[in-house]
Number of protein chains: 2
Amino acid sequence: MTTPEPTPDAAAPDPADGPRTPKSERTRQQIVAAALTLFREQGYQGTTMRAVAASAGVSVGNAYYYFSSKEELIQGFYDQMVTDQAAACVELFAASTDFASRLRGALLAWLDAAEPYHEFAGRFFATAAQPDNPLSPFSQASSPARDASIALYRELIGGARVTVGDELAATLPELLWLYQLGVVLYWVHDSSEGTARTRLLIEHTVPMVSRLVRLSRLPVIRPLSRQTAELVGLLRGPRAG
Amino acid sequence: MTTPEPTPDAAAPDPADGPRTPKSERTRQQIVAAALTLFREQGYQGTTMRAVAASAGVSVGNAYYYFSSKEELIQGFYDQMVTDQAAACVELFAASTDFASRLRGALLAWLDAAEPYHEFAGRFFATAAQPDNPLSPFSQASSPARDASIALYRELIGGARVTVGDELAATLPELLWLYQLGVVLYWVHDSSEGTARTRLLIEHTVPMVSRLVRLSRLPVIRPLSRQTAELVGLLRGPRAG
DNA sequence: ACTAGGTTTCGAACACGTTCAAAACCTTTC
DNA sequence: GAAAGGTTTTGAACGTGTTCGAAACCTAGT
């Protein structure tokens, strides 16, 4: 891979990198816990940094010592999603080798993990959608989470009894991740009871995706598969000039 | 429809509805003009409401009398995009009946119209991505712009010499609009010289879309086409419970 | 001309995200 | 234990989006 990792700031005094002392780690946790609770109870906008700090028993300035902005407090939620989904998938992947079931399960697992935060997830993904924002799913900062997610999909495919065409094999995990991104985008806007519409979307699209994957080896479709793979490679990462 | 439209405030004294007096309309224009200029020069974040007001020669409070938030000042830009694109397409559609050319031209027209605002478009689309935001492309408030855009694509198809399968005919304009939304999303994140990567994306995907449309009538693909159309109908508008 | 009722304009005041210089605290070294 | 040097914590202060009550302005009716 030629990914131009730009030397990740070795000597940065950022307390976000790793826990220096146990105590500071505890403070950090208090703050993020207070924040997530308040976000759930009052929504993102309704929660002030003063309230977060007070609820965590620290000063405002201290909260900013650990998190450089209000938005950054959300990374905690973000990380949680990915790990929760992965955890749920371990069991799931052991239980079935059917591609569609695995895909469906993985998406539903994400949904379950995200449910409690639905209200403020809108605010989150919106700001995350900003190009320069470190929370953007495409950004350098969230590449660990992204890579983990893509790896999950690679495993999903690997353990399923489907034969993917050569052209698409390498790219499919990334494509499925993009597909998930689309589902999430829909979910964010979904205000139906129990996010029923998103579930509907999943129930309907999983078979379609599954069918597409199978079709991708068909002679008439093959050129499309190849072009798709090429494209993803070509455009990977719009932010890099 | 059971959409619980909460009686759209018939007697609302909102000056946004229509121009009451010529003078007030002039003031409104001054403000939006000043805002767009400053946005271009200083970026969105770099522009304060105080600066906008001062540059328009009015008070801060007055600016808020016309626009209920800083974000709302952006609707002007939004509207401009759609009309500019439509204008460019009149000529274009007269010139060619080839589906791919027309599609490519329409997308490039949008790109040209949007180019000067690329920097702050990120901020715009990000906040617009928020579910409850009136600037959201799915919201009630921007349904005129959306409908206009979809109509443009309907015309694009209508005047092209392609035969679209029955299952997809009614839904295709909406699908193309979604496709454009995807391109825009990519563009927003594209910081390459002259947004070259977005142009690359267009050059590569237009033939693919074109091919897909042609393939959609194939017996093996037909079920997929039908499912797609069904899905769009089923899920249209995630915000309505 | 004067008044009444609506529309438009004003700018001080407010709330909240964020910054910063100084203090408190902790660990290590002598 | 005292000093030195780093880490953590504090809260007052700042900038900016937004609100609000009051003033200025306009139009129509008498």
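Note on naming: letters A, B, ... go to the chains in the order of the sequence lines (proteins, then strands), and numbering restarts at 1 for each one.
- Put simply, Thr27(A) has no side-chain N or O that comes within less than 4.0 Å of OP1 or OP2 on dT8(D).
- Contact between the side-chain N/O atoms of Ser59(A) and the OP1/OP2 oxygens of dT9(D) is not found at any separation under 4.0 Å.
- Rounded to whole angstrom, the span from the CG atom of Leu38(B) across to the C1' atom of dT16(D) amounts to 15 Å.
- With hydrogens and angles disregarded, no donor-acceptor distance shorter than 3.5 Å links the side chain of Arg199(A) to the backbone of Leu108(A).
- Taking every side-chain heavy atom of Val58(B) into account, dC10(C) is the closest of dC16(C), dG17(D), dC10(C).
- If you check every strand for non-hydrogen atoms under 4.0 Å, Val60(B) touches a base.
- Residue Thr48(B) places its side chain closer to dT16(D) than to any other of dT8(C), dT16(D), dG17(C).
- In terms of modelled atom types and a separation under 3.5 Å, the side chain of His118(B) and the main chain of Trp187(B) share a donor-acceptor contact.
- Between Tyr64(B) and dT19(D) there is no side-chain N or O to OP1 or OP2 distance below 4.0 Å.
- Put simply, OH on Tyr44(B) is 12 Å from C1' on dT16(D), counting in whole angstrom units.
- Across the protein-nucleic acid pair, Glu25(A) atom CD and dT7(D) atom P stand 16 Å apart, rounded to whole Å.
- Between the CD atom of Gln30(B) and the P atom of dT8(C) there is a distance of 14 Å, given to the nearest Å.
- Atom CZ in Arg26(A) sits roughly 11 Å away from atom P in dC26(C) (whole-Å rounding).
- Under the 4.0 Å criterion applied to side-chain N and carboxylate O atoms, Arg28(B) and Glu72(B) are not assigned as salt-bridge partners.
- Rounded to an integer number of Å, the gap from OH of Tyr66(B) to P of dG17(D) is 21 Å.
- Protein atom OH of Tyr65(B) is 9 Å distant from nucleotide atom C1' of dG6(C), rounded to whole Å.
- Without hydrogens or angle criteria, Gln85(A) side chain to Ala106(A) main chain gives a donor-acceptor distance under 3.5 Å.
- The distance between atom NZ of Lys70(A) and atom C1' of dG17(D), rounded to the nearest whole Å, is 13 Å.
- Residue order along DNA chain D, read from the 5' end via each residue's closest nucleotide, puts Arg50(B) first among Lys23(B) and Arg50(B).
- Within the structure, a side-chain polar atom (N or O) of Asn62(B) is placed less than 4.0 Å from OP1 or OP2 of dC10(C).
- Here the side chain of Asp190(B) pairs a donor or acceptor atom with the backbone of Thr198(B) at under 3.5 angstrom.
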